[in-house]
Amino acid sequence: VQLQASGGGLVQPGGSLRLSCAASGFTTDYYVIGWFRQAPGKEREEVSCISSSDGSLHYSDSVKGRSTISRDSAKNTVYLQMNDLKPEDTAKYYCATVLFVRSVIGTCGGQDAMDYWGKGTQVTVSS
């Protein structure tokens, strides 16, 4: 499985960005793709995730109400639309996947649950 994250950049507070995660190589129809982020000096944290099969999803409290995760099954791509960005959103954002999971229930499972990771994309929120 390969994952490629893109779409990061420098944005002013209050701005928006859409991150993309292009995925390939799956041998199962059941998987969850998640977004994680890691700021300098901090642990990697779960941001959001979505199921490939039933579209169930989860947001962390830190982005809930400001972000929307979606998927384009035809393109095998998951998007994370982030609005009203704040300086504390500054981090490297990674997409990852856990296989053989049908639904997201209450959590993405945490970084230790993920089977594959992509390289990150940097998001910097600054004026």
Side-chain angles (χ1 to χ4, degrees):
V1 175
Q2 293 187 325
L3 303 164
Q4 180 65 53
S6 61
L10 174 63
V11 63
Q12 291 187 341
S16 299
L17 279 176
R18 188 177 80 157
L19 305 183
S20 300
C21 177
S24 63
F26 289 105
T27 57
T28 175
D29 290 334
Y30 302 107
Y31 53 89
V32 169
I33 291 183
W35 286 98
F36 294 77
R37 68 186 183 186
Q38 188 166 21
K42 294 190 176 181
E43 291 190 358
R44 191 174 296 184
E45 64 170 342
E46 185 175 287
V47 175
S48 183
C49 57
I50 188 167
S51 161
S52 66
S53 58
D54 64 8
S56 53
L57 46 80
H58 171 72
Y59 297 99
S60 68
D61 288 343
S62 61
V63 302
K64 192 178 296 181
R66 300 188 294 123
S67 297
T68 303
I69 192 168
S70 61
R71 58 186 175 141
D72 183 331
S73 299
K75 295 182 179 179
N76 260 359
T77 300
V78 168
Y79 304 99
L80 183 67
Q81 175 70 41
M82 299 191 297
N83 301 320
D84 190 23
L85 283 161
K86 306 174 187 301
E88 50 264 40
D89 293 315
T90 295
K92 197 157 191 179
Y93 285 70
Y94 299 86
C95 59
T97 187
V98 54
L99 307 182
F100 308 111
V101 175
R102 290 176 179 259
S103 299
V104 175
I105 304 175
T107 176
C108 304
Q111 59 174 330
D112 291 340
M114 299 295 124
D115 295 313
Y116 297 93
W117 291 84
K119 293 182 181 179
T121 185
Q122 179 67 37
V123 171
T124 302
V125 184
S126 174
S127 55

Co-membership, hydrophobic cluster, residues Val123 and Leu3, 4.5 Å side-chain: yes
Shortest non-hydrogen contact from Val32 toward Cys49: CG1-CB, 3.7 Å
Residue pair Asp89, Arg66: steps toward the side-chain contact (heavy atoms from CB on, under 4.5 Å) verdict: CA-CA 11 Å; Asp89 293 315; Arg66 300 188 294 123; 2.8 Å; yes
Linked, directly or transitively: Trp35 and Leu85 (ILVMFWY side chains, under 4.5 Å): yes
Side-chain touch Val1/Asp115, heavy atoms, less than 4.5 angstrom: no
Thr90 and Ser126, any side-chain heavy atoms less than 4.5 Å apart: no
Nearest-0.5 Å distance that lies between atom CD in Glu45 and atom OG in Ser62: 4.5 Å
Exceeds 12 heavy-atom contacts within 6.0 angstrom, atom CD of Glu43: no
Validation row: Leu19, Met82 side chains within 4.5 angstrom (heavy atoms): yes
Distance-minimising heavy-atom pair for Val104 and Ser56: N-OG, 2.7 Å
Taking every non-hydrogen atom, the tightest pair across Ile69 and Ile33: CD1-O, 4.3 Å
Pairs flagged by side-chain hydrogen bond (donor to acceptor under 3.5 Å, both in side chains) wherever residues 1-22 is involved - sequence neighbours left out: Ser16-Asn83
Closest non-hydrogen atom pair between Ala91 and Ala39, with its separation: CB-N, 3.8 Å
Summary of side-chain hydrogen bond (donor to acceptor under 3.5 Å, both in side chains) pairs that have at least one residue in residues 99-111, sequence neighbours excluded: Tyr30-Arg102, Glu46-Thr107, Asp54-Ser103
ring-ring contact (aromatic ring centres under 6.0 Å, His included) involving Tyr31 - partner list, sequence neighbours excluded: Phe26
For Asp61, side-chain hydrogen bond (donor to acceptor under 3.5 Å, both in side chains) partners two or more places apart: Lys64
From Lys92 atom NZ to Thr121 atom OG1, the distance as rounded to the nearest 0.5 Å: 8.0 Å
Residue pairs involving residues 91-127 (criterion ring-ring contact (aromatic ring centres under 6.0 Å, His included); sequence neighbours excluded): Phe36-Trp117
Heavy-atom side-chain contact between Cys95 and Val78 under 4.5 Å: no
From CA spacing to verdict: side-chain contact (heavy atoms from CB on, under 4.5 Å), Val47, Ser67: CA-CA 9 Å; Val47 175; Ser67 297; 5.7 Å; no
Note, Ser48 side chain near Leu80 side chain (heavy atom, < 4.5 Å): yes
side-chain hydrogen bond (donor to acceptor under 3.5 Å, both in side chains) partners of Ser53, counting only residues at least two apart: Ser51
Considering all heavy atoms, the nearest Thr124-Gln122 contact: OG1-NE2, 3.5 Å
Lys75, NZ atom: more than 12 neighbouring heavy atoms under 6.0 Å: no
Reported CD-to-OG distance for the pair Gln81 and Ser70, which is rounded to 0.5 angstrom: 8.5 Å
